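Only a predicted model underlies this, so the values are computations on that prediction, with no experimental measurement involved. Just so we're on the same page: letters track the sequence lines, and every chain starts at 1.
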Protein chains: 2
Amino acid sequence: MKYRKIPNETVRRLPVYLRGLAQLSQQGVFSVSSSKLADFVNINAWQIRKDFSYFGDFGTRGVGYSIERLSKQIKKILRLDTLHKAAVIGAGNLGSAVLAYPGFRTYGFDIAAAFDSDPEKIGKNINNIVVEDVSRLNALRKRQVDIAIIAVPEKAAQQVTDSLVRAGIKGILNFSPKRISVPKKVKVITIDIASDLARLPYYIPSG
Amino acid sequence: MKYRKIPNETVRRLPVYLRGLAQLSQQGVFSVSSSKLADFVNINAWQIRKDFSYFGDFGTRGVGYSIERLSKQIKKILRLDTLHKAAVIGAGNLGSAVLAYPGFRTYGFDIAAAFDSDPEKIGKNINNIVVEDVSRLNALRKRQVDIAIIAVPEKAAQQVTDSLVRAGIKGILNFSPKRISVPKKVKVITIDIASDLARLPYYIPSG
DNA sequence: CTATGTGAATTTATTCACAGCA
DNA sequence: TGCTGTGAATAAATTCACATAG
């Protein structure tokens with residue numbers, strides 16, 4: 001293997017592989033070929049092999065990949081081998097859903113705190129987490145939280161973002177459709193639910 | 001303009017333009033140039049012009065684009081000019097959040113029904129919609145619902161999908177991380193929240 | 001003989017640079 | 001002059017095909 005820039009699309013697929021491997025592992029399987037994994041996660045076998053090849057030789061020719069070894073490698077690449085603490089900002093419907101969402105455990109995240117500005121919500125216990133006042137966001141640095149999930153109304157998004165940046169947050173999962181500005185050292189990944197829904201009709205044959 | 005295949009990525013951006021235009025319109029603006037819109041939605045001006053050029057000549061040289069005209073065109077392309085009724089399957093945390101999500105109105109969707117299998121939830125009123133028994137999914141065809149949003153636990157996803165397909169659903173927004181199989185006439189767009197969170201640490205400098 | 005790993009070919013998407021119209 | 005629309009150039013990602021290792 002020699003060095004090549006890793007495509008963004010490859011990085012996007014790695015978590016999918018990781019989850020597939022976790023499921024296979026739970027089924028008691030120890031080894032898998034690229035074509036088996038392909039069926040399982042619905043991505044072509046050659047794509048899988050190409051993706052892995054950017055990082056090194058993970059498999060054994062004629063045999064396949066060791067699920068444990070491969071999972072460890074992917075976790076390492078994605079930096080999921082160290083614990084990441086995350087905070088949820090906004091304890092409304094979406095924020096509560098995120099707090100209760102079981103899917104994050106798979107990747108080893110610790111959802112460690114929740115914040116809101118509404119006095120009605122502050123102090124409430126959601127899924128074993130007590131909602132704190134959003135004015136205390138600056139304490140996140142000392143609590144070693146480096147990831148934030150923004151689930152606040154659109155108009156509050158930028159202000160919250162600014163506070164998060166000041167609190168030393170390094171990565172943001174943003175559910176607000178509003179573009180948010182951050183210094184370039186901070187990585188933002190946006191999930192724009194309404195836009196995704198909005199392109200569905202395009203693919204639906206009319207009539 | 002001459003015919004060219006429309007890139008998927010272009011389709012992905014159209015809803016973003018549409019929302020930007022709606023916001024500008026609300027600010028009382030009637031006309032916008034590609035570079036103004038570029039600032040607003042955070043996409044390059046040349047990208048915007050190229051995207052529009054796939055569909056025809058929307059602008060006026062030297063002037064820019066009429067916001068009303070352009071919005072209408074994009075809605076037509078995305079088939080958002082006809083009403084689409086959508087149903088939410090799963091009235092848990094995520095489903096409830098979706099039911100209450102204000103962002104769909106922007107694109108003219110009518111969230112018309114909600115379903116769950118849990119007797120505790122059936123009959124509950126969430127955001128003015130009464131949760132129905134999931135066994136009644138087959139009535140969706142006659143109610144002219146053509147889009148479904150799946151917010152059920154992973155293990156129920158495929159079964160629910162099969163029912164939806166039988167009920168004549170044409171498009172699915174899928175929040176379940178499990179791959180779901182559908183006949184190819186049905187379009188699925190998946191939002192995989194956990195995977196998106198999982199690639200954040202990759203972009204965060206270690207240490 | 002099987003399944004990986006990877007150059008090369010192809011396809012897709014982005015970026016540029018500027019001709020052409022208002 | 002200002003801003004669109006678009007070929008051509010570049011870059012990125014996917015797909016192929018096969019040499020190579022176990």
Side-chain angles (χ1 to χ4, degrees), chain A residues 1-17 20-21 24 29-74 77 199 202-203, chain B residues 1-17 20-21 24 29-74 77 199 202-203:
Chain A
M1 165 250 192
K2 68 178 188 218
Y3 180 80
R4 286 209 223 65
K5 196 187 155 296
I6 289 121
N8 268 313
E9 296 302 308
T10 295
V11 177
R12 171 169 280 125
R13 283 185 293 265
L14 290 180
V16 178
Y17 299 146
L21 291 169
L24 284 166
V29 184
F30 291 97
S31 173
V32 70
S33 68
S34 59
S35 56
K36 280 266 185 51
L37 184 57
D39 289 346
F40 206 72
V41 299
N42 219 25
I43 295 174
N44 297 319
W46 58 76
Q47 181 77 83
I48 292 177
R49 293 203 301 275
K50 176 66 92 176
D51 283 343
F52 293 164
S53 81
Y54 290 113
F55 301 101
D57 299 3
F58 293 168
T60 310
R61 289 172 201 239
V63 180
Y65 299 91
S66 146
I67 288 180
E68 198 194 330
R69 191 167 116 76
L70 183 54
S71 299
K72 268 210 186 96
Q73 298 274 12
I74 296 178
I77 294 162
R199 69 202 162 85
Y202 177 83
Y203 296 101
Chain B
M1 166 250 190
K2 68 179 191 219
Y3 180 80
R4 285 210 223 65
K5 196 187 154 295
I6 290 119
N8 268 312
E9 296 303 308
T10 294
V11 177
R12 171 170 279 125
R13 283 184 292 265
L14 289 179
V16 177
Y17 299 145
L21 291 169
L24 284 165
V29 185
F30 291 96
S31 173
V32 70
S33 68
S34 58
S35 57
K36 281 264 184 54
L37 185 57
D39 288 348
F40 206 73
V41 299
N42 219 25
I43 294 175
N44 297 320
W46 58 77
Q47 182 77 79
I48 292 177
R49 293 203 300 276
K50 175 66 93 178
D51 283 343
F52 292 165
S53 80
Y54 291 114
F55 301 101
D57 299 4
F58 293 167
T60 311
R61 289 168 201 240
V63 180
Y65 300 90
S66 146
I67 288 179
E68 198 193 329
R69 191 168 117 77
L70 184 53
S71 300
K72 268 210 186 97
Q73 298 275 11
I74 296 178
I77 295 161
R199 68 203 162 86
Y202 176 83
Y203 296 100

What distance do [X] atom [atom1] and [Y] atom [atom2] have between them, rounded to the nearest 0.5 Å?
| X | Y | atom1 | atom2 | result |
| --- | --- | --- | --- | --- |
| B/F55 | B/T10 | CZ | OG1 | 6.5 Å |
| A/F58 | A/S71 | CZ | OG | 11.0 Å |
| A/I77 | B/Y202 | CD1 | OH | 8.5 Å |
| A/R49 | A/S33 | CZ | OG | 9.0 Å |

Which nucleotide wins on minimum distance to the side chain of [X], given the candidates [options]?
| X | options | answer |
| --- | --- | --- |
| A/W46 | D/dT15, C/dC16, C/dT4 | D/dT15 |
| B/Y65 | D/dT15, D/dA13, D/dG5 | D/dG5 |
| B/P7 | C/dA17, C/dA13, D/dT14 | C/dA13 |
| A/S53 | D/dT4, D/dT14, C/dG5 | C/dG5 |
| B/N44 | C/dT14, C/dA3, C/dT15 | C/dT15 |

Could you state the [atom1]-[atom2] distance from [X] to [N], rounded to the nearest angstrom?
| X | N | atom1 | atom2 | answer |
| --- | --- | --- | --- | --- |
| B/Y54 | C/dT12 | OH | C1' | 9 Å |
| A/K50 | D/dT14 | NZ | P | 11 Å |
| A/D57 | C/dG5 | CG | P | 5 Å |
| B/R13 | C/dA13 | CZ | C1' | 8 Å |
| A/F55 | C/dT4 | CZ | P | 17 Å |
| A/Q47 | C/dG5 | CD | P | 15 Å |
| A/K5 | D/dA13 | NZ | C1' | 10 Å |
| A/R12 | C/dA13 | CZ | P | 13 Å |

Residue closer to the 5' end of DNA chain D, A/N8 versus B/V63 (nearest nucleotide):
B/V63
Position toward the 5' end of DNA chain C (nearest nucleotide), A/D51 or A/G62:
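Whichever sits nearer the 5' end wins; that is A/G62.
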Answer yes or no: is there a donor N or O on one side and an acceptor on the other, between the side chain of B/T60 and the main chain of B/V63, under 3.5 Å?
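Flag not set: sc B/T60 to bb B/V63 has no pair under 3.5 Å.
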If you take atom types as modelled and just measure distance, does the side chain of A/R61 reach the base of D/dT20 with a donor-acceptor pair under 3.5 Å?
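In this structure, the two groups form a donor-acceptor pair.
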Is any side-chain N or O of A/S34 closer than 4.0 Å to OP1 or OP2 of C/dT4?
yes
